[in-house]
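Notes follow the structure.
Bear in mind the structure is a predicted one, so any value in this text is a computation, not a measurement. Chain identifiers are assigned alphabetically (A, B, ...) following the order of the sequence lines, protein sequences preceding nucleic acid strands; residue numbering begins at 1 within each chain.
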Amino acid sequence: MKKVMVAMSGGVDSSVAALLLQRQGYSLCGATLSLYSNRDIGLEETKTCCALDDVEDARRVCAKLGIDHLVFNMKAQFKQGVIEPFAQGYQRGETPNPCIECNRSIKFSGVLTRAQQLEYDAIATGHYVQSEYDNAAGRWLLKKAKDPVKDQSYVLYVLTQTMLASTLFPLGGLNKQEVRQLAEEHGLVTARKSESQDICFVPDGNYAGFLTRTLGIVSEPGHFASPQGEVLGQHEGMIHYTLGQRRGLGISADRRLFVIQKDMQSNTVVLGDEALLMQRWMMVDTLNWVSIGMPQSSIRAQVKSRYRQAAQPAWLHPQEDGRLIVEFDAPQRALTPGQAAVFYADDIVLGGGTIRGNILEEKRP
RNA sequence: UGGGCUGUAGCCAAGCGGUAAGGCACCAGACUUUGACUCUGGCAUUCCGAUGGUCCGAAUCCAUCCAGCCCAA
């Protein structure tokens with residue numbers, strides 16, 4: 001009987017993942033990563049918080065299923081691998097995606113390492129994705145979930161062949177309704193827990209406040225300016241803004257204004273019409289190729305430049321320095337440095353990388 | 001202290017006698033394992049600078065006052 005360690009976050013998805021694997025006859029244990037303490041996220045040490053509740057929920061589900069539950073302390077790694085890069089990204093004027101970094105350097109490798117130490121054959125997660133081995137190519141393929149509404153392949157483009165070879169995704173063929181129903185039928189306490197809650201280590205959703213209060217990051221106020229350089233008002237510090245943002249600017253005008261540029265040199269946030277956000281080219285680095293190797297010449301693909309967005313047709317142009325230029329068929333809105341670009345061939349994840357910036361039409365190669 | 005103009009919600013602004021458009025901002029939800037975007041709803045009943053008046057009825061007409069702006073001096 002194969003032994004599988006299920007990564008359990010304390011949510012409904014990973015709970016049902018465990019349930020399904022158990023019904024399929026695997027020998028299981030549940031594993032929850034302890035990623036941060038209250039002090040790490042600026043709360044009082046004594047206060048019970050959501051993270052603890054999640055661990056408890058995972059433990060209850062394991063008890064219900066009659067399997068062992070382990071908690072691994074990953075606080076130091078999480079701080080170094082996720083929280084610190086998150087802060088650094090914002091300080092550079094980028095808009096980082098901490099969930100991607102967590103998947104890249106903490107979650108999978110963390111559970112996999114422990115699983116191997118304890119002589120488990122594989123790990124499993126509650127992600128809505130599918131994987132399969134391609135005999136012809138000799139590679140594992142990462143594929144979108146059957147249900148496109150819940151597909152989470154975007155946040156897993158960072159997985160390596162080694163990780164894919166050892167990971168099961170029991171939810172890839174289900175939809176959310178089915179998952180909740182299964183949880184309900186089997187009396188799992190997580191059945192009705194709500195969906196995501198912002199960044200996990202920023203429970204109140206105020207990431208700028210987190211950066212300032214907890215990490216002591218200083219972001220100086222500066223000018224809002226029009227594309228022509230006219231001063232429109234005062235901003236509260238660069239970390240509060242991201243490309244394409246409209247709300248929270250506090251600038252009233254005769255039309256909607258969006259953040260179209262962050263000039264770190266002059267500490268200026270440039271506001272303008274949405275049309276100014278549309279670009280066809282962007283530079284991508286920190287690449288990871290999943291279902292194929294690094295292409296040697298330009299290839300066609302569909303590209304997602306943010307999580308909740310349909311993949312858009314584009315050319316991928318590999319560069320000699322190892323980076324990649326993406327050329328979209330049609331202009332895309334707010335290609336934002338720090339965010340992930342993920343490349344697809346229909347439902348297969350080819351790979352992805354980090355957006356470094358858009359490339360203006362006149363500067364394109 | 002001659003002449004002209006303007007005063008409608010936090011900002012912009014429609015209305016020109018019939019019982020307060022719209023945009024921006026803001027707030028609340030929805031959506032969401034990141035940040036955003038988007039969508040839905042809310043947002044002038046101390047009523048249209050103030051006070052009087054005309055009228056069945058005024059933000060809209062009249063008078064006076066107040067405030068601000070502009071042009072002359």
Side-chain angles (χ1 to χ4, degrees), chain A residues 7-15 17 33 35 50-51 54 82-83 85-87 89-104 106-108 125-129 145 148-158 169 171 176 179 190 193-211 224 226 232-235 238-260 262 269 271-278 304-310 332-342 352 354-355:
Chain A
M8 299 184 68
S9 64
V12 62
D13 293 331
S14 52
S15 300
L33 301 181
L35 300 174
C50 50
D54 287 339
V82 177
I83 295 181
F86 175 74
Y90 266 107
Q91 287 180 297
R92 284 196 301 271
E94 301 185 346
T95 305
N97 185 332
C99 293
I100 301 265
E101 290 313 311
C102 183
N103 288 334
R104 189 202 306 278
I106 307 294
K107 195 175 289 177
F108 282 81
T125 77
H127 287 103
Y128 290 83
V129 293
V149 176
K150 284 302 295 181
D151 172 54
Q152 292 174 318
S153 59
Y154 175 86
V155 295
L156 294 185
Y157 84 86
V158 291
F169 300 110
L171 304 189
K176 192 74 189 193
V179 167
T190 52
K193 284 183 80 170
S194 59
E195 295 294 289
S196 73
Q197 45 270 302
D198 305 310
I199 300 173
C200 71
F201 55 90
V202 187
D204 66 354
N206 180 4
Y207 72 88
F210 172 82
L211 290 172
F224 281 124
S226 71
L232 300 174
Q234 294 292 310
H235 74 238
M238 283 293 189
I239 62 171
H240 292 84
Y241 310 98
T242 187
L243 249 48
Q245 179 174 337
R246 170 167 87 86
R247 300 189 160 256
L249 304 178
I251 301 295
S252 58
D254 55 358
R255 64 191 188 285
R256 293 181 172 182
L257 293 178
F258 298 84
V259 173
I260 62 171
K262 290 170 73 174
V269 177
L271 307 180
D273 290 321
E274 192 164 30
L276 297 170
L277 286 165
M278 306 303 287
K304 283 176 78 162
S305 52
R306 51 174 44 71
Y307 182 56
R308 302 290 301 174
Q309 179 200 52
Q332 301 298 308
R333 183 182 184 285
L335 301 171
T336 307
Q339 291 286 293
V342 181
T354 304
I355 299 172

Taking the same atom, [atom1], in [N] and in [M], what whole-Å distance lies between them?
| N | M | atom1 | answer |
| --- | --- | --- | --- |
| B:A13 | B:G7 | P | 9 Å |
| B:C27 | B:A9 | C1' | 15 Å |
| B:G23 | B:G18 | C1' | 27 Å |
| B:G17 | B:G53 | C1' | 15 Å |
| B:A20 | B:A59 | C1' | 8 Å |
| B:C65 | B:U1 | C1' | 15 Å |
| B:G10 | B:C47 | P | 14 Å |
| B:A73 | B:C62 | C1' | 32 Å |

Self-check item: Salt bridge A:E274-A:R333, side-chain N to carboxylate O under 4.0 Å
Solution: yes

Quiz prompt | Listed partners of A:Q332 passing side chain to side chain contact (heavy atoms under 4.5 Å, CB included), at least two apart | solution = A:Q309, A:Q312, A:F328, A:A330, A:L335

Exercise. Apply side chain to side chain contact (heavy atoms under 4.5 Å, CB included) to A:K193 and list each qualifying residue two or more places apart in sequence or on a separate chain.
Key: A:D54, A:D57, A:T190

Gap between atoms [atom1] and [atom2], on [X] and [N] respectively (whole Å):
| X | N | atom1 | atom2 | result |
| --- | --- | --- | --- | --- |
| A:N97 | B:U32 | CG | P | 17 Å |
| A:M238 | B:G35 | CE | C1' | 16 Å |
| A:L211 | B:G35 | CG | C1' | 11 Å |
| A:F86 | B:G35 | CZ | P | 8 Å |
| A:L277 | B:G35 | CG | C1' | 14 Å |
| A:Y207 | B:U32 | OH | P | 21 Å |
| A:R308 | B:U32 | CZ | C1' | 6 Å |
| A:L335 | B:G35 | CG | C1' | 15 Å |

Listing time: all N or O pairs from protein to nucleotides 9-13 of chain B that are below 3.5 Å?
none

Which is true for [X] with a 4.0 Å heavy-atom rule: it touches a base, it touches only sugar-phosphate, or it touches nothing?
| X | value |
| --- | --- |
| A:L249 | sugar-phosphate |
| A:Q152 | base |
| A:L257 | nothing |
| A:G248 | sugar-phosphate |
| A:S9 | nothing |
| A:K150 | sugar-phosphate |
| A:Y241 | nothing |
| A:Q339 | base |

Self-check item: CZ-SG distance between A:F86 and A:C99, expressed to the nearest 0.5 angstrom
Solution: 9.5 Å

Quiz item: Below 6.0 angstrom between ring centroids: does that apply to A:Y241 and A:F224?
Solution: yes

Quiz item: Which label fits B:C37, syn or anti, where anti is any glycosidic angle not within 90° of 0?
Solution: syn

Quiz item: Among all residues two or more places apart in sequence or in another chain, which pass the ring-ring contact (aromatic ring centres under 6.0 Å, His included) test with A:Y157?
Solution: none

Using only atom types and a distance under 3.5 Å, with no angle test, would you say the side chain of [X] pairs donor to acceptor with the backbone of [Y]?
| X | Y | answer |
| --- | --- | --- |
| A:N97 | A:Q339 | no |
| A:D204 | A:N206 | yes |
| A:Y207 | A:D198 | no |
| A:S153 | A:D151 | no |
| A:Q152 | A:Y128 | yes |

Exercise. On RNA chain B, check which nucleotide each of A:I251 and A:A334 is closest to and give me the residue with the more 5' one.
Key: A:I251

Practice problem: Report the residue (A:G126 or A:L243) whose heavy-atom-nearest nucleotide on RNA chain B is the more 5′ of the two. | Solution: A:G126

Quiz item: Dot-bracket for RNA chain B, 5' to 3', with Watson-Crick and G-U pairs under 3.5 Å, [ ] for crossing pairs and | for other-strand pairs: what is it?
Solution: .(((((((.[[[..)..(...]]].(((((.......)))))......[[[[[..)....]]]]]))))))..

Self-check item: Side chain to side chain, A:L156 and A:F108, heavy atoms closer than 4.5 Å
Solution: yes

Self-check item: Side chain to side chain, A:I100 and A:Y307, heavy atoms closer than 4.5 Å
Solution: no

Self-check item: Side-chain donor/acceptor contact of A:T95 with base of B:G35 under 3.5 Å
Solution: no

Exercise. Output, in order, the C-alpha distance, side-chain angles, deciding distance and verdict of side-chain contact (heavy atoms from CB on, under 4.5 Å) for A:F258 and A:L249.
Key: CA-CA 9 Å; A:F258 298 84; A:L249 304 178; over 6 Å; no

Exercise. Between protein and nucleotides 38-44 of chain B, map the contacts as a letter string: B base, S sugar-phosphate only, - none, heavy atoms under 4.0 Å, written 5' to 3'.
Key: SS-----

